[in-house]
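Down below is the structure, laid out as structure tokens.
Numbering starts at 1 and runs along the sequence shown.
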Amino acid sequence: MANQRWFRLLLRIYYKRLLLLAMFVTLAVVLFRQIHYSKLLTAEEPMYKALQEDDRIIEIDMALNKPDVHKHKYRSNHRLDKITDSVSFFSKCPVCFGEELCSDVREGFLTIELTHPISTPNGEILYRGKKHESQDVTVKAFPPSAFEEFEKFICQNASMNVGCDVAVAALKSVLAKPDTFSASALLKSYKSFHPYSKSLSSHSCMTDRQAQTLLQLFDENHNGKMEANELINFYTALMIIPEKAYLKLLSGVVAIPSYLGSCGRLLFTEGGLQPLSNYVDEKWEVRAELGSQILQIIDDFQHAHSDMFLILPELTYEHFAVTHDNRVLVVDLSDLLLVDKPHSSALDDEGGFEEVCNEDCMTRHLAKLLAAEEKEVEKVCADVPRHGVQLMYATLCQEVLLVSETRRDFFGNSFKGRGRSRPPVKGLLHDPPENESDKIGELLEDCIHESTAGGRWQAIQALDDILILQSENERGDEDEEDNVKEDKEEEEEEDDDHEAAYPRDFA
């Protein structure tokens, strides 16, 4: 009996020591992992941060990737990292573009990669991002310098010192009053904030009806009334970068990236796009299809919207990008000019052109528009679509489709582009099939410099017919290849079925 008690006592002591040893080993493993994890964070960056400002919590996930082989592709193993208010400027709202996506940002449904920003000639900063970890997103940001003069104006108008809290000052300023948003007031304001600008803008031919149409796009709570913060969002967008208004107005109407929303001074649009210049070495049939799409886009700019003509005076490679399924989109709307149709000359099937219009003609009309007094604007703008269409086709052919050594100046001294980079050495339609080479070359030259009234329009129609035919031939070849592949797969399946039913005798 005594032996049994001693045995139980020894057994308890043994298990206690075993339990203590197990606890010690577990604690050692946990401490080791924690020390290793801390070193990683010190060497790199914290993986997540929630910022609290004025009792508002802002949570933004950042996807930081290592350099990629293809700068427009995502890596599959991106991680989260911090971002500060210096990127989103959410604390500046309502002096921002809006807050539609801020709830998604707080929940961490939007991620953004800060390590490889792309600067555009317009001063925008582009980041790649993800929504719900699967949908590609393009994030557009703008440097603080773009807002400096605007913020000074807000502080002064609210009778506050320069450098004031603009989020507070804006609510006390003229920006919160509905009567600020007439077309003439917006145009005067834009000129005051951009005194040295010699480029056209959406404000150049703006009417009160157009201003109200754009204003209603900023009714974020959809109550039919424009609240003070919504008025300020609208004014901020139109004075700094009207692209948000254009994206909301035209998304689903013409071929532009889908608008996803905004948070602070960030805009979120459809992502996963490739620059058009990446396709200059694709086979001819692919480039013909892309070229045909671009010509159709310009045509859609004249007809797709029921109330407005859309004019992009300077078309370059940088205006276009391509989706994963080879759809061409216009990704740069910063120079877009909106013209009300009821106040403009109609375009007929021949383009509405009654005179030969080349460099001198286009320069003259641009200079007239830029110099027009307020009382002359409506009359001058009535001719904008007619000559704007000429200008779009001419610059497209010269800067994108052909890229010839002889470069014509369609803007003169009255208008300077935004310093865009030189286009690729090759035009998109370089090296066409030998049987079409001379014809396509002649049509592109006629597009750049017409010799008869309406000649540019006729050249575009003939060029589009050729490109459509070439791309249809490519699709036909692809369909035939697919059919051959399907037939081969069916034959292999039949052979497999036959083999299963009648196995060979290997004996």
Side-chain angles (χ1 to χ4, degrees), residues 70 72-73 136 250-258 270-304 310 312 315-333 389 392-404 423-448 456-486:
H70 197 304
H72 294 279
K73 296 283 188 180
D136 290 336
L250 302 173
S251 189
V253 178
V254 292
I256 61 174
S258 299
E270 174 184 356
L273 308 178
Q274 302 281 344
L276 178 65
S277 57
N278 284 9
Y279 288 76
V280 294
D281 291 320
E282 288 286 345
K283 60 182 180 179
W284 163 254
E285 291 80 7
V286 172
R287 292 183 282 114
E289 166 65 20
L290 298 177
S292 178
Q293 287 188 50
I294 294 172
L295 295 180
Q296 182 60 51
I297 287 171
I298 297 181
D299 187 65
D300 290 343
F301 268 36
Q302 315 316 309
H303 305 293
L310 315 175
L312 276 170
L315 287 172
T316 69
Y317 266 100
E318 291 163 330
H319 280 89
F320 302 100
V322 183
T323 66
H324 65 89
D325 55 351
N326 281 7
R327 290 181 297 111
V328 180
L329 302 179
V330 178
V331 293
D332 184 354
L333 298 175
V389 170
M392 284 198 292
Y393 281 125
T395 58
L396 172 70
C397 290
Q398 174 171 276
E399 302 295 324
V400 179
L401 301 183
L402 181 61
V403 191
S404 64
V425 176
K426 301 175 183 177
L428 187 65
L429 301 183
H430 69 86
D431 296 325
E434 188 174 350
N435 62 324
E436 298 284 6
S437 180
D438 291 342
K439 180 64 174 177
I440 289 176
E442 292 172 3
L443 293 174
L444 287 172
E445 291 292 351
D446 287 344
C447 171
I448 297 171
R456 180 174 292 106
W457 183 265
Q458 295 170 10
I460 287 297
Q461 298 302 308
L463 177 63
D464 195 28
D465 289 342
I466 293 174
L467 296 181
I468 290 174
L469 182 61
Q470 295 286 332
S471 59
E472 285 178 349
N473 290 340
E474 166 66 6
R475 284 194 292 270
D477 292 342
E478 289 179 352
D479 291 341
E480 185 175 348
E481 291 176 3
D482 290 340
N483 291 334
V484 170
K485 184 177 179 181
E486 289 177 3

For Tyr393 and Cys447 the tightest heavy-atom approach is O-SG, 3.2 Å
Mind checking the CD1-CG spacing from Ile440 to Asn435? Nearest 0.5 Å is all I need. 8.5 Å
Taking salt bridge (Lys or Arg N to Asp or Glu O under 4.0 Å) as the test, write out the residues that go with Asp465, two or more places apart. none
If you compare all heavy atoms of Tyr279 against all heavy atoms of Thr323, which two are closest, and at what distance to 0.1 Å? OH-O, 4.1 Å
What's the separation between atom CG in Leu401 and atom CG in Leu396, rounded to the nearest 0.5 Å? 4.0 Å
Once salt bridge (Lys or Arg N to Asp or Glu O under 4.0 Å) is applied, do any residues pair with Asp438, and if so which ones, sequence neighbours excluded? none
Between Leu428 and Arg287, which heavy-atom pair has the shortest distance, and what is it? O-NH1, 2.8 Å
What is the minimum heavy-atom distance between Val331 and Ala321, and which atoms define it? CG1-CB, 3.6 Å
For Gly272, does its backbone N or O pair with a side-chain atom of His324 as donor and acceptor, under 3.5 Å? no
Between Val330 and Leu312, which heavy-atom pair has the shortest distance, and what is it? CG1-CD1, 3.8 Å
Can you tell me how far apart CD1 (Ile460) and CG (Leu467) are? Round to the nearest 0.5 Å. 9.0 Å
Under the side-chain contact (heavy atoms from CB on, under 4.5 Å) criterion, do Glu399 and His319 qualify, and how do the steps go? CA-CA 11 Å; Glu399 302 295 324; His319 280 89; over 6 Å; no
Of all residues at least two apart in sequence or in a different chain, which pass the side-chain contact (heavy atoms from CB on, under 4.5 Å) check with Asp464? Ser292, Leu295, Ile468
Asp300 meets the side-chain contact (heavy atoms from CB on, under 4.5 Å) criterion, sequence neighbours left out, with Val254, Gln296, Ala304
Contacts of Ala462 that satisfy side-chain contact (heavy atoms from CB on, under 4.5 Å) - sequence neighbours left out: Leu443
Close side-chain approach of Tyr317 to Pro275, heavy-atom, < 4.5 Å: no
Below 4.0 angstrom, N of the basic side chain to O of the carboxylate: do Lys426 and Asp431 qualify? no
Test of understanding: with side-chain contact (heavy atoms from CB on, under 4.5 Å), list the residues that count as partners of Ser258, not counting sequence neighbours. Ser251, Glu270
Return the minimal non-hydrogen interatomic distance between Asp299 and His303, and the atom names on each side. O-CD2, 3.1 Å
Please round to the nearest 0.5 Å and tell me the distance separating atom CE of Met392 and atom CD1 of Ile297. 11.0 Å
Taking Arg327 for the side chain and Val322 for the main chain, is one N or O donor matched with an acceptor at less than 3.5 Å? no
Any chance you could lay out the side-chain contact (heavy atoms from CB on, under 4.5 Å) test for Thr316 and Thr395, step after step, and finish with the verdict? CA-CA 7 Å; Thr316 69; Thr395 58; over 6 Å; no
Under the side-chain hydrogen bond (donor to acceptor under 3.5 Å, both in side chains) test, residues paired with Gln293 that sit two or more places apart: Glu289
For Leu290 and Phe320, what are the C-alpha separation, side-chain angles and deciding distance, and is it a side-chain contact (heavy atoms from CB on, under 4.5 Å)? CA-CA 10 Å; Leu290 298 177; Phe320 302 100; over 6 Å; no
Quick one: pull up CG in Leu402 and CG in Leu429 and give me the separation to the nearest 0.5 Å. 8.5 Å
Working to the nearest 0.5 angstrom, can you tell me the gap between Glu318 CD and Leu276 CG? 11.0 Å
Stepwise side-chain contact (heavy atoms from CB on, under 4.5 Å) test for Ile294 and Leu315: CA-CA 10 Å; Ile294 294 172; Leu315 287 172; over 6 Å; no
